[in-house]
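What follows is one structure encoded as structure tokens, with my remarks underneath.
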There are 2 protein chains.
Amino acid sequence: MGTGTPATETTMTSTRPTTRNTWQRAAVRDLLENSAEFRTAQQIHDLLKEHGAKIGLATVYRALQAMSEAGEVDVLRTVDGEATYRHCSSGHHHHLVCRSCGYSVEIAARPVEEWANEVAAANGFTDVGHEVEMFGLCAECSKR
Amino acid sequence: MGTGTPATETTMTSTRPTTRNTWQRAAVRDLLENSAEFRTAQQIHDLLKEHGAKIGLATVYRALQAMSEAGEVDVLRTVDGEATYRHCSSGHHHHLVCRSCGYSVEIAARPVEEWANEVAAANGFTDVGHEVEMFGLCAECSKR
DNA sequence: AGCTGCATGAGAATCATTATCATTATGTGG
DNA sequence: CCACATAATGATAATGATTCTCATGCAGCT
Ligand SMILES: [Zn+2]
Ligand SMILES: [Zn+2]
Ligand SMILES: [Zn+2]
Ligand SMILES: [Zn+2]
């Protein structure tokens, strides 16, 4: 996987990622950083509006896209294909998600990582990645 | 949630799922059983038409939906949320999929199953299931 | 303050999937 | 073999999420 490098060089002044700081993106980021649940773009949009933010839906989508490309958020698909986003710690990890309330826990899976690589190699595959997600009922939701 | 139970009882004769055998469904089933790749509904539709079958796209979707509910095929989502289908052996298993040609291999993961259960229990989760899929380049596609 | 260009927002446009609904044909029973 | 009840089909409209368009706005810099 290559790293996207914007090549907008004019002279030799600034080589910044040319990404601007708008309150809209900050709002999306803040909301995600204060939630332990996976949410859809539309849910996020609704929540922001409830908080009085006058932000467009397209902007939310763009912010989420940018953040996911930057590795700031993880994306999961619901059974019917909807994308859900959650702020996540950097680095490789997986999730244990409550299928009732959306609460999720990040989990490391050292043994699985190795197993995955072995299986891949044994089948002649290269450049292999994997997706491991677990769904269940959290302790809270189990008490019902 | 909940299990859909067709309640079309007339007298007390047959409680069959009242599912009819049409050549269209047979065609979809046949095509899938002769392929080791995950395909989208539209790809399947195209392939069928190329084979001279005069079948509607909606019918393909319905056939796939029925088959997946019956556990005859597995469904995977591409990164952009498209559903792909493949005929699969019955029983729990996972996949190693080529992200270039779609070729895939079924894999058992005994160790992973146990690991998953442990992690789930350790976090107080119940009724836990998991999704484990691996994506890479198959031996063939790697030679390029 | 003045510029430049990415970002925003409202709505149109896509695209996959589902719903309609009139028509066809499967499975059954006579 | 024929008639019937009805699930299945197919052409098309509808839905819903995500992306694109483009005129206007604003962040970053001089
Ligand atoms: Zn919960
Ligand atoms: Zn991993
Ligand atoms: Zn391949
Ligand atoms: Zn498993």
Side-chain angles (χ1 to χ4, degrees), chain A residues 4-29 38-49 52-70 73 75-85, chain B residues 4-29 31 38-49 52-70 72-73 75-85:
Chain A
T5 311
T8 314
E9 200 166 343
T10 316
T11 326
M12 65 163 280
T13 42
S14 65
T15 318
R16 306 281 174 64
T18 47
T19 182
R20 294 181 181 176
N21 288 345
T22 64
W23 64 265
Q24 286 93 332
R25 296 199 172 184
V28 173
R29 194 189 319 278
F38 277 91
R39 323 222 104 117
T40 67
Q42 318 228 19
Q43 289 178 327
I44 293 172
H45 182 228
D46 291 341
L47 288 173
L48 288 174
K49 285 200 302 184
K54 192 176 179 306
I55 186 176
L57 177 57
T59 300
V60 173
Y61 272 104
R62 282 186 285 241
L64 290 172
Q65 182 178 19
M67 292 177 72
S68 73
E69 286 175 2
V73 299
V75 188
L76 273 193
R77 296 268 174 190
T78 66
V79 271
D80 32 73
E82 270 180 278
T84 57
Y85 307 81
Chain B
T5 311
T8 314
E9 198 164 345
T10 315
T11 327
M12 67 161 278
T13 42
S14 64
T15 318
R16 310 277 177 64
T18 45
T19 181
R20 292 179 184 177
N21 287 348
T22 64
W23 65 264
Q24 286 95 332
R25 294 199 173 184
V28 173
R29 194 189 320 279
L31 188 153
F38 276 92
R39 327 221 93 124
T40 68
Q42 318 228 21
Q43 288 177 325
I44 294 173
H45 181 230
D46 290 342
L47 289 173
L48 288 174
K49 284 200 301 185
K54 192 176 177 307
I55 186 176
L57 176 58
T59 300
V60 173
Y61 271 105
R62 281 186 289 241
L64 290 172
Q65 182 177 15
M67 293 177 72
S68 73
E69 287 175 2
E72 294 179 44
V73 299
V75 188
L76 273 193
R77 296 269 173 191
T78 67
V79 270
D80 33 70
E82 272 179 277
T84 57
Y85 307 82

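Just so we're on the same page: letters track the sequence lines, and every chain starts at 1. We use all heavy atoms of the structure for the numbers below, so side chains are in, but hydrogens, waters and symmetry mates are not.
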**Prompt:** Nearest-Å distance, CD (B:Q43) to C1' (C:dT17)?
**Reply:** 15 Å
**Prompt:** Between the base of D:dT6 and the side chain of B:R20, is there a donor-acceptor distance below 3.5 Å?
**Reply:** yes
**Request:** Tell me which of B:W23 and B:A83 sits closer to the 5' end of DNA chain C, going by the nucleotide each one is nearest to.
**Result:** B:A83
**Item:** Length of the CG-P vector between B:D80 and D:dA17, whole Å
**Value:** 17 Å
**B:Q65 CD to C:dA19 C1', straight-line distance once rounded to whole Å** = 11 Å
**Asked** What is the distance from CG of B:N21 to P of D:dT6, rounded to the nearest Å?
**Response** 19 Å
**Asked** If you check the A:R62 side chain, which of C:dT18, D:dT21, C:dT26 turns out closest?
**Response** D:dT21
**Non-hydrogen atoms of B:T78 and A:R77 that approach each other most closely** = O-NE, 4.5 Å
**Prompt:** Roughly how many Å is it from NE2 in B:H45 to P in D:dG10, rounded to a whole number?
**Reply:** 8 Å
**Prompt:** Which of the following nucleotides, D:dA17, C:dA10, C:dG9, is nearest to the side chain of A:Y61?
**Reply:** D:dA17
**Asked** Looking at the side chain of B:A58, which of C:dG27, C:dT17, D:dT12 is the nearest nucleotide?
**Response** D:dT12
**Asked** So what does A:Q24 hit on the nucleic acid, given a heavy-atom distance under 4.0 Å: a base, only sugar-phosphate, or nothing?
**Response** sugar-phosphate
**Asked** Can you name the nearest heavy-atom pair linking A:H45 to A:G56, along with the distance?
**Response** NE2-C, 3.8 Å
**Asked** Any side-chain N or O of A:Q42 less than 4.0 Å from the OP1 or OP2 oxygen of D:dG16?
**Response** no
**Asked** Just how far is it from atom CG of B:L76 to atom OG1 of B:T84, taken to the nearest 0.5 Å?
**Response** 4.5 Å
**Request:** Could you say whether B:E82 or B:T22 is positioned toward the 5' end of DNA chain C, judged by the nucleotide with the nearest heavy atom to each?
**Result:** B:E82
**Request:** Quick one: pull up CD in A:Q42 and CG in A:L47 and give me the separation to the nearest 0.5 Å.
**Result:** 12.0 Å
**Asked** C:dA7 P sits how many Å from A:L64 CG, rounded?
**Response** 15 Å
